[in-house]
Amino acid sequence: MRIGYPCINRSIGCTPSMTFRLASYSEERFLSTVAANLACLQKILTYNVEHGLLFLRITSDLVPFASHEVCTFPWQEHFSDTFHDLGVYCRDHGFRISMHPDQFVLLNAPDEGVLRRSIDELAYQTSVLDLMGLDRAAKVQIHAGGVYGDKAASMDRFVENYTRLDPAIRARLVIENDERLYSVADCRVIHQRTKIPIILDVFHHALNSQGEPLAEVLSALSKTWKKYDGLPMVDYSSQQQGKRQGAHAEHIVPEDFTLFLQDSQPFDYDLMLEIKDKEKSAALALALAAGDPRLVTRAV
DNA sequence: GGCAGTCAAGTACGC
DNA sequence: GCGTACTTGACTGCC
C-alpha cells in the first residue's frame with residue numbers, strides 16, 4: 001500500500017496546474033506554462049519521496065489544451081527528454097502514478113462530438129504516461145459516464161466504444177464507481193463484458209450502493225486487476241461536515257481512517273486520498289498507517 | 001494586493 | 001425548453 005494525494009501540493013510554492021484562458025493562447029504562453037508545470041511536477045515528486053508518499057495523481061492541466069484543436073504544437077517531441085527524466089525518477093523511487101480526466105470525458109456519450117473530444121483527451125493523458133515510459137500499472141481513471149435516460153443502452157455504448165479504443169488507451173483505462181449514477185455493481189457488469197479493472201471510491205460507495213460491505217467489495221474488485229495492472233487503486237475521502245452530501249472534507253478524520261484501514265484488511269491496494277488539504281492529510285494518514293504491514297514508503 | 005466573476009469541455013434535474 | 005447545480009483550482013478584470 002502506497003499512500004498519495006491528487007495533483008497539487010499546497011506547501012511547495014508552485015503548481016503543476018498552471019493554465020490560461022483559451023483567448024490568451026499563444027505558442028509562447030503554451031511552452032512557458034508546460035515547462036513550468038513539468039518543473040513543478042518534479043518538485044512534487046521530490047517532496048513526496050522525502051515524505052514517503054509514493055502514489056501521485058498527475059493533474060489533467062499538466063499540458064493545457066493538449067487535446068484541444070487550438071493546440072497544434074508537437075509538445076510530445078519538444079518535451080520528450082523532460083518526460084523521460086520524470087519517468088526515470090518515478091521508476092527509481094517506486095512511484096505509482098495515475099491520471100483522472102474530469103467530468104467532460106464520457107466514453108458512452110451518444111453525441112459523436114462529445115465522444116471524439118473524450119477520446120482525444122484520453123489519448124493525451126495516456127501519452128503523458130507513455131512519454132514517461134511508465135508500465136501498465138500507471139492508470140487513467142474515468143467514470144462510466146452518463147445515463148441518458150436508458151442505463152442499459154448507455155452501458156452497451158460504453159462497452160462498444162471501449163472495445164474500439166486504441167490498445168494504448170485500453171491498456172491504461174480503468175473505471176471508478178460514482179456517487180449518483182454508476183455503482184460498484186454497475187461497474188462490475190461493465191467489467192464482465194470488457195475486463196476493465198475497477199477502482200473503488202470508498203466515499204462514493206457509501207453514497208451509492210446496496211450496502212455491500214467493504215471487504216466483500218475489495219475482494220471482488222481486486223480480482224479485476226491483473227498482475228500487470230499493478231495493485232488495485234482505491235480512492236478515499238470523507239464527508240465535509242455541514243456541507244452538501246458528497247462534498248469532500250477539508251481534513252482527514254483520523255478515527256474514520258483508522259477504522260477503514262482495519263476494515264479493509266487483508267486486502268492490499270494503493271490509496272489515493274481525495275482530501276482538500278492534500279499532502280497535510282496524506283502525512284497524517286501515513287502516521288496513522290504506521291506499523292500496517294501493507295504500507296510502503298520507499299522504493300524496495 | 002485583494003476580491004468576485006469566469007473558465008474548453010457535459011449531464012441531470014427541477015421548474 | 002431553459003436555467004441551474006455540480007466541482008474546483010486558477011485566470012482575469014476591476015477596485
Side-chain angles (χ1 to χ4, degrees), chain A residues 5-26 28-30 32-41 44 56-73 75 99-125 140-151 153-155 157-158 161 175-183 186 201 203-204 207-208 235 237-240 242-251 272-281:
Chain A
Y5 58 94
C7 306
I8 59 170
N9 178 305
R10 297 198 178 280
S11 49
I12 59 170
C14 70
T15 170
S17 301
M18 258 209 297
T19 181
F20 43 84
R21 296 286 184 258
L22 182 57
S24 314
Y25 187 93
S26 71
E28 296 72 38
R29 185 85 185 258
F30 174 78
S32 64
T33 302
V34 175
N37 284 348
L38 292 175
C40 186
L41 176 57
I44 291 177
L56 182 70
R57 181 184 300 166
I58 294 180
T59 170
S60 302
D61 285 335
L62 191 69
V63 184
F65 301 102
S67 69
H68 192 281
E69 58 185 11
V70 75
C71 179
T72 54
F73 187 85
W75 56 271
M99 294 187 78
H100 191 353
D102 60 32
Q103 57 180 350
F104 308 111
V105 170
L106 295 154
L107 200 50
N108 70 354
D111 183 281
E112 269 184 40
V114 174
L115 177 62
R116 181 176 44 77
R117 286 188 288 277
S118 296
I119 294 174
D120 288 349
E121 180 68 15
L122 290 176
Y124 147 59
Q125 302 216 4
V140 175
Q141 65 186 87
I142 59 172
H143 294 293
V147 167
Y148 308 99
D150 184 344
K151 200 172 199 173
S154 296
M155 286 163 85
R157 247 187 342 269
F158 183 99
N161 292 335
I175 51 170
E176 176 186 7
N177 60 305
D178 67 71
E179 79 276 33
R180 290 181 308 133
L181 307 177
Y182 290 92
S183 64
D186 295 326
D201 187 308
F203 187 35
H204 291 167
L207 296 170
N208 178 21
D235 283 0
S237 54
S238 43
Q239 174 69 36
Q240 172 76 308
K243 287 270 180 73
R244 167 197 62 82
Q245 194 182 57
H248 286 194
E250 188 70 33
H251 313 290
M272 181 58 60
L273 297 168
E274 295 185 320
I275 313 275
K276 290 193 181 182
D277 67 358
K278 308 285 177 181
E279 75 283 357
K280 226 170 129 189
S281 279

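All values reported here derive from a predicted model rather than from experimental measurement. Order of the sequence lines sets the chain letters (A, B, ...), proteins ahead of strands, with each chain counted from 1. Only heavy atoms go into these numbers, but all of them, side chains included; no hydrogens, no water, no symmetry mates.
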**Exceeds 12 heavy-atom contacts within 6.0 angstrom, atom NZ of A:Lys280** = no
**Asked** Whole Å only: how far is the OH atom of A:Tyr148 from the P atom of B:dC13?
**Response** 13 Å
**Message:** Work out how far the P atom of C:dA10 is from that of B:dT11, and round it to whole angstrom.
**Reply:** 26 Å
**Nearest-angstrom distance from the residue atom NE2 of A:His143 to P of B:dA12** = 14 Å
**Request:** Specify the closest pair of heavy atoms between A:Arg29 and A:Ser24, including all atoms of both residues, with the distance to one decimal.
**Result:** NH1-CB, 3.6 Å
**Asked** Distance between the P atoms of C:dT4 and B:dT6, in whole angstroms?
**Response** 12 Å
**Options C:dC11, C:dT8, B:dG10, nucleotide nearest the side-chain atoms of A:Arg29** = C:dC11
**Item:** Per A:Arg21 side chain, nearest of listed nucleotides B:dG10, B:dG5, B:dT11
**Value:** B:dG5
**Prompt:** Quick one: does A:Asn208's side chain have a donor or acceptor within less than 3.5 Å of a partner on A:Asp178's backbone?
**Reply:** yes
**Euclidean distance, atom CG of residue A:Asn37 to atom P of C:dC11 [Å, nearest integer]** = 9 Å
**Request:** Examine A:His248 together with A:Phe203 and report whether their ring centres are nearer than 6.0 Å.
**Result:** yes
**Request:** Mind checking A:Val105 for me? I need base, sugar-phosphate or nothing, with any heavy atom below 4.0 Å counting as a touch.
**Result:** nothing
**Request:** Write down the distance separating the P atoms in B:dG5 and C:dA5, rounded off to the nearest Å.
**Result:** 13 Å
**Request:** Given side-chain contact (heavy atoms from CB on, under 4.5 Å), test A:Arg57 with A:Met272 step by step and report yes or no.
**Result:** CA-CA 8 Å; A:Arg57 181 184 300 166; A:Met272 181 58 60; 3.5 Å; yes
**Short side-chain N/O contact from A:Ser67 to OP1 or OP2 of B:dA8, under 4.0 Å** = no
**Message:** What contact category does A:Thr59 fall into here, base, sugar-phosphate, or nothing, at under 4.0 angstrom with non-hydrogen atoms?
**Reply:** nothing
**Request:** Scan A:Asp111 against the nucleic acid and name what it touches under 4.0 Å (heavy atoms): base, sugar-phosphate only, or nothing.
**Result:** nothing
**Request:** Please check the phosphate of C:dA10 (OP1 and OP2 only) for any side-chain N or O of A:Thr15 closer than 4.0 Å.
**Result:** yes
**Fill in**
Quick note, A:Ser24 side chain, CB onward, closest among C:dT8, B:dG10, C:dT12 is C:dT12
**Prompt:** Is the ring of A:Phe104 stacked on the base of B:dG10, with centres less than 5.5 Å apart and planes under 30° off?
**Reply:** no
**Message:** Nearest to the A:Ile8 side chain among B:dA9, C:dG9, B:dG10, which nucleotide is it?
**Reply:** C:dG9
**Prompt:** Rounded to whole angstrom units, what separation is found between the CG atom of A:Leu207 and the P atom of C:dC6?
**Reply:** 14 Å
**Prompt:** Taking CD1 from A:Ile44 and C1' from C:dG9, how many angstroms apart are they, rounded to a whole number?
**Reply:** 13 Å
**Prompt:** Looking across every strand, which nucleic acid part, if any, lies under 4.0 Å from A:Arg116 by heavy atom: base, sugar-phosphate, or nothing?
**Reply:** nothing
**Prompt:** Taking atom P in both C:dC11 and B:dG10, what distance in whole Å separates the two?
**Reply:** 22 Å
**Request:** Choose from C:dC6, B:dA9, B:dA8 the nucleotide whose nearest atom is closest to any side-chain atom of A:Gln103.
**Result:** C:dC6
**Request:** Between B:dA8 and C:dC2, how far apart are the P atoms? Round to whole Å, please.
**Result:** 23 Å
**Prompt:** Whole Å only: how far is the OH atom of A:Tyr182 from the C1' atom of B:dG10?
**Reply:** 14 Å
**Prompt:** Between B:dA8, B:dA12, B:dA9, which nucleotide gets closest to the side-chain atoms of A:Val147?
**Reply:** B:dA12
**Complete:** Any strand, both distances under 3.5 Å, Watson-Crick or G-U wobble: B:dT6 pairs with C:dA10
**Prompt:** Can you tell me how far P in C:dC6 sits from the matching atom in B:dC3, rounded to whole Å?
**Reply:** 24 Å
**Message:** Tell me the interatomic distance from A:Arg180, atom CZ, to B:dG14, atom C1', rounded to whole angstroms.
**Reply:** 14 Å
**Asked** Given the P atoms of C:dT8 and B:dG1, what is the spacing between them in whole Å?
**Response** 29 Å
**Message:** Please confirm whether the shortest side-chain N or O distance from A:Arg10 to OP1 or OP2 of C:dG9 is below 4.0 Å.
**Reply:** yes
**Prompt:** Would a distance-only check, ignoring hydrogens and angles, find a side-chain to backbone donor-acceptor pair under 3.5 Å from A:Asp235 to A:Asp201?
**Reply:** no
**Asked** Can you check the A:Leu181 CG to B:dC13 P distance for me, whole Å?
**Response** 7 Å
**Message:** Centroid separation under 6.0 Å, is that true for the rings of A:Tyr124 and A:Trp75?
**Reply:** yes
